[in-house]
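Have a look at the structure below before the remarks.
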Amino acid sequence: MTDLKVATVNGEWMNDWFTADAETAAFVPTFSKDGEHGVTAEAAGRLAGLISALDADIVALVEAPSRPAELKLFIDEYLSENGRPAYDFVLGDSGGSQKLALLFKPGRVALSLTPSSEAGPFIDPWLADVDGDGTLNEYAFTRNPLCCGADVDGGRLGVVVAHLKSNFINRGRQLWQDPARRLGFVRAALRNRRRIANEAMRIRRAMERRLATEPDAAMIVLGDLNDGPGQDYFEEFYLAHNVTDILVGSPYQPERLFGHAQADVEEERRFSAVFDDFVTKEPNRHVLLDHILLSPAMTHGGAPLTKVPGSGRVEHDAWAAQLDGDGSARDRRATDHRPVSVLLTPA
C-alpha cells in the first residue's frame, strides 16, 4: 500500500450554485452572495481545480451543497475524466445549506457511515450552559459531525468531519463600533465561543470513550473548527481558554493526546484564513481555522496508519493557483479557506 493523502477543503457556500431544493437539482448560471454576483462555472471550476491539484484520497468537504444530487452533479461535471468520476462521496444529513461531505477515491478507500448506534455520543443532545447564566439546558450541534469508517487495504480508519459553530455575528462591526450596543455584541460573541467550546468538548468526550476501549484506534478529526491556536480577544479576556486545545486533550494524559497534522508547518505558513479583525483592529489577520487531528497511535505508533513525518501541509500554493487577481470576488477564487492535508502510511 502506498501513502494515503487526507485533506479538508471548505467549499464556501457551494449551495449557492444550485437550484432551490424544491426544484430538480441543477446548476444555476449565476449566483448572488452579499450583494455580489458570480458565474457558477467559474467558481465551481476553481474549486474543482483545487481539489484535483490536492489529489487526496479522502477529502472532507465543508459547506457542501444540501442535496446528494447536487454534489453528484459537481463531481460528474468537474471532477471526472472520460466520464469516470474521480470520487465517490458520503453526504451528511445535518447543516441545512452548509452540509458536510466526505469524498473518497473508490479504488483506494471503502467508506461508509458510522451506524447510528455508534455515532450517538457524537451527535445526541446534551446538557450545557452556553449562555453563561449558570443554568444547564439541552444543547445540540449546530451541524452534526459526519462520522464514517474507512477501510484502507484491510486497515480501519475512523473519520469525524466537523464544522463547529461560527463566530460570525450579523452586523457585528456596527455593533462593536457603537458604544451603546457594544456590550450586546460582546455577549453574543461569548455565547458563540461557549457553543464552540461545548461542541469541541462533546467530540473530545466521544473520542475519549473510544480510546478507553481501543487505545490503538486510528481516528482522525478534521474540518473547519472556527477556532485556531492561541486565544482570540474574547477567549483571552473573558473565557481564558482556547477551544482547539479541548479537542487535542490534556498533557496530564499524554497517552491520549491527539497529534496536530499542521504542527510541523512553518509558523509563517500556519494559517488557513485571512480577514480584517475589527475588534483588535488587525488588518489581514492570519488564523488557522482548518485542522486535521490524529489519534495518539497515529503519531506514536500502534495504529494501522501513522503520519508520515513532516507531511502536514497548509496548501497555500494549490490555493493561490486558482486565484484570479486578488480573489475578492467569489468566482475569482476556489474558496476563502486554504485547504490543509496530511500523508498517512501503513504501520
For residues [X] and [Y], report the shortest heavy-atom separation together with the two atoms involved.
X      : Y      : value
Ser52  : Leu79  : OG-CD2, 3.4 Å
Val342 : Ser311 : CG2-OG, 3.5 Å
Pro106 : Asp88  : CD-N, 3.9 Å
Arg67  : Asp21  : NH1-O, 3.2 Å
Phe31  : Asp16  : CB-O, 3.3 Å
Phe74  : Ala44  : CE1-O, 3.6 Å

Short side-chain to backbone donor-acceptor contact, [X] and [Y], under 3.5 Å:
X      : Y      : value
Trp319 : Thr335 : yes
Arg84  : Ser80  : no
Glu236 : Tyr233 : no
Asp129 : Asp133 : yes
Gln262 : Arg313 : yes
Arg202 : Ala140 : no
Glu282 : Phe278 : no
Ser94  : Asn144 : yes
Asn198 : Arg194 : yes

With a 4.5 Å heavy-atom cut-off, do [X] and [Y] have their side chains touching?
X      : Y      : value
Val59  : Leu102 : no
His291 : Val340 : no
Thr19  : Val28  : yes
Ile123 : Pro145 : yes
Asp224 : Leu164 : no

Can you check whether [X] and [Y] have ring centres sitting under 6.0 Å from each other?
X      : Y      : result
Phe18  : Phe27  : yes
Trp17  : Tyr78  : no
His316 : Phe271 : yes

Supply the atom-to-atom distance [X] [atom1] to [Y] [atom2], rounded to the nearest 0.5 angstrom.
X      : Y      : atom1 : atom2 : answer
Lys165 : Arg143 : NZ    : CZ    : 7.5 Å
Lys99  : Glu63  : NZ    : CD    : 13.0 Å
Leu61  : Tyr87  : CG    : OH    : 10.5 Å
Ser272 : Asp336 : OG    : CG    : 9.5 Å
Asp216 : Ser295 : CG    : OG    : 9.0 Å
Asn192 : Asp227 : CG    : CG    : 11.5 Å

Between [Y] and [X], is the closest basic N to carboxylate O distance under 4.0 Å?
X      : Y      : value
Glu199 : Arg195 : no
Arg46  : Asp331 : no
Asp131 : Arg191 : yes
Lys307 : Asp264 : yes
Glu208 : Arg204 : yes
Arg330 : Glu36  : no
Arg285 : Asp276 : no
Lys105 : Asp55  : yes
Asp57  : Arg108 : yes

For this session: Any chance you could lay out the side chain to side chain contact (heavy atoms under 4.5 Å, CB included) test for Phe234 and Leu239, step after step, and finish with the verdict?
Result: CA-CA 7 Å; Phe234 296 98; Leu239 299 179; 5.8 Å; no
For this session: Might you work through the side-chain hydrogen bond (donor to acceptor under 3.5 Å, both in side chains) test for Gln322 and Arg333, ending with a clear yes or no?
Result: CA-CA 6 Å; Gln322 296 300 325; Arg333 61 178 181 262; over 6 Å; no
Can you establish whether the number of heavy atoms outside [X] located under 6.0 Å from its atom [atom1] is more than 12?
X      : atom1 : value
Asp76  : CG    : yes
Glu255 : CD    : yes
Glu268 : CD    : yes

Problem set entry | Among Ile220, Asp151, Leu111, the one residue meeting side chain to side chain contact (heavy atoms under 4.5 Å, CB included) with Leu157 | Ile220
For this session: Would you please test Asp3 and Thr345 for side-chain hydrogen bond (donor to acceptor under 3.5 Å, both in side chains) and show each step?
Result: CA-CA 5 Å; Asp3 293 342; Thr345 194; 2.8 Å; yes
Verify the cluster assignment for [X] and [Y]: are they in a single hydrophobic cluster under the rule of side-chain heavy atoms below 4.5 Å apart?
X      : Y      : answer
Phe122 : Leu247 : yes
Ile292 : Val9   : no
Leu222 : Leu343 : no
Val130 : Ile246 : no
Leu100 : Leu71  : no

Exercise. Run the side chain to side chain contact (heavy atoms under 4.5 Å, CB included) check on Met14 and Leu47 step by step: do they pass?
Worked result: CA-CA 9 Å; Met14 290 179 69; Leu47 179 62; 3.7 Å; yes
Seminar exercise, completed: Exactly one of Arg269, Arg338, Lys5 clears salt bridge (charged side-chain N to carboxylate O under 4.0 Å, His left out) with Glu315, and that residue is Lys5
For this session: Check the pair Asp290, Thr8 against side-chain hydrogen bond (donor to acceptor under 3.5 Å, both in side chains), reporting the backbone distance first and the verdict last.
Result: CA-CA 7 Å; Asp290 305 86; Thr8 180; 5.2 Å; no
For this session: List the steps and the verdict of side chain to side chain contact (heavy atoms under 4.5 Å, CB included) for Leu344 and Val308.
Result: CA-CA 6 Å; Leu344 306 177; Val308 174; over 6 Å; no
Problem set entry | Audit row: Leu113, Leu146, side chain to side chain contact (heavy atoms under 4.5 Å, CB included) steps and yes/no | CA-CA 8 Å; Leu113 278 169; Leu146 175 58; 3.5 Å; yes
